[in-house]
Protein chains: 2
Amino acid sequence: MIKQGIEIEHAAALLKLLGDKTRLTMVKILADHDCCVCEFVEIFDTSQPAISQHIRKLKDAGLVKESRRGQWIFYSLNQEYEQFDFVQLLLNALPSQEEKLTELEKQGKRISCE
Amino acid sequence: MIKQGIEIEHAAALLKLLGDKTRLTMVKILADHDCCVCEFVEIFDTSQPAISQHIRKLKDAGLVKESRRGQWIFYSLNQEYEQFDFVQLLLNALPSQEEKLTELEKQGKRISCE
DNA sequence: TCATCATATAATAATACACTTATATAATCA
DNA sequence: TGATTATATAAGTGTATTATTATATGATGA
């Protein structure tokens, strides 16, 4: 039998995870751009450990994955996440957070390491 | 300017509210049926104050409304809720909880007062 | 009016959460 | 190799959350 859709318990846990302004915004941003911790620190004007701890929760849930590029670790949405469709449904209903990145760019604080 | 969609802060608060197994299931059930507290007490096999407190959170957020019918207070989704579309989007992605009500019915514990 | 049923509210206690500070790890670069 | 930069982790703290117990309110029906 093919498992389809999301169980309600799982959904509740996921919504709880996303039910935090910082994490939700992070995930929305990650839907369009890979980012590293130091960028989020700038964007949210908060401490590095606070960001790392949010990232860890997202990673533990399987929602984001990491890839090291030199000095930096870049995070991105994990397209293989079991309930990726559900997450996308949600994210599509949210307003773009693009301006947060363009602001970063403007300040010359966007990291790119191609 | 017409306000459209949901702000990310508001969305986070809403997801947090729904990020609880009991509340999420309640809301999913209420999408199809009005229910009263004592029914939820049966369905979730939990205490009456616990249910009342969950209901209050949903009511405070504007997500559900109440109407007294005799001895009982029936709760239902508030279709006028500001972000009702967003909530519906979410609920539609969740599996039916219909069996919880049919189970109630079978036990003769469904309240109806027409 | 009194007993009962449905629900709300208050007080409390246990747990979870998100931040802070301090420190560790890991890569880079002089 | 030693300094620097990026990130993770650990420990501690204040606050939020959720349940419990006890009590109050409000409607019904004998």
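Reminder, nothing fancy here: chain letters follow the sequence lines and each chain counts from 1.
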Does D/dA19 have OP1 or OP2 sitting under 4.0 Å from an N or O in the side chain of B/His54?
yes
Rounded to whole Å, please give me the gap between CD1 in B/Ile111 and P in C/dT7.
7 Å
Result for 5'-nearest mapping on DNA chain C, choosing between A/Gly19 and A/Arg68, is A/Gly19
From the options D/dT7, D/dT18, C/dT20, select the nucleotide whose nearest atom is closest to the side chain of A/Tyr75.
D/dT7
Any side-chain N or O of B/Ser47 less than 4.0 Å from the OP1 or OP2 oxygen of D/dT20?
yes
Whole-Å distance separating the CG atom of B/Asp34 from the P atom of C/dT7:
13 Å
In terms of the nearest nucleotide of DNA chain C, which residue is placed more toward the 5' end: B/Pro49 or A/Pro49?
B/Pro49
Give the rounded distance in Å between these two atoms: CD1 of B/Ile55 and P of D/dA19.
13 Å
Shortest side-chain distance from A/Arg56, nucleotide among D/dT9, D/dT7, C/dT7
D/dT9
Do A/Gln53 and C/dT20 share a donor-acceptor pair, side chain to base, under 3.5 Å?
yes
Using salt bridge (charged side-chain N to carboxylate O under 4.0 Å, His left out), reason through A/Glu103 and A/Lys106 one step at a time and then give a plain yes or no.
CA-CA 5 Å; A/Glu103 180 61 25; A/Lys106 221 190 298 175; 3.4 Å; yes
Starting the side chain at C-beta, find the nucleotide from C/dT20, C/dC19, C/dA6 nearest to B/Cys38.
C/dA6
Nucleotide C/dA6, atom P - distance to CD of B/Glu39 in whole Å
11 Å
Enclosure of A/Lys100 NZ (heavy-atom neighbours >12, cutoff 6.0 Å):
yes
Just checking, is any N or O donor in the side chain of A/Glu98 or A/His33 under 3.5 Å from an acceptor N or O on the other one?
yes
Within 6.0 Å of NZ in A/Lys21, more than 12 heavy atoms from elsewhere
no
Would you name the heavy atoms of B/Tyr81 and B/Gly62 that are closest together and state the gap between them?
CD1-O, 3.4 Å
Below 3.5 Å, does any donor atom in the side chain of A/Gln48 face an acceptor in the base of D/dA8, or the other way round?
yes
Rounded to whole angstroms, how far apart are CG on A/Asp20 and C1' on D/dT17?
14 Å
Just wondering, are more than 12 heavy atoms of other shown residues or ligands nearer than 6.0 Å to CG in B/Asp60?
yes
Considering only D/dA6, C/dA8, D/dA8, which nucleotide approaches the side chain of A/Gln71 most closely?
D/dA6
Report the nucleotide, chosen from D/dT7, C/dC17, C/dT9, that has the shortest atom-to-atom distance to any side-chain atom of A/Lys16.
C/dC17
Looking at every strand, decide which applies to A/Lys21 at a 4.0 Å heavy-atom threshold: base, sugar-phosphate, or nothing.
nothing
Could you tell me the separation between the CZ atom of B/Arg69 and the P atom of C/dT7, rounded to a whole number of Å?
12 Å
Would you mind reading off the distance between A/Leu24 atom CG and C/dC17 atom P, rounded to a whole angstrom?
17 Å
Per B/Arg23 side chain, nearest of listed nucleotides D/dA8, C/dA18, D/dT18
D/dT18
From CD of A/Glu66 across to C1' of D/dT7 the rounded distance in Å is 10 Å
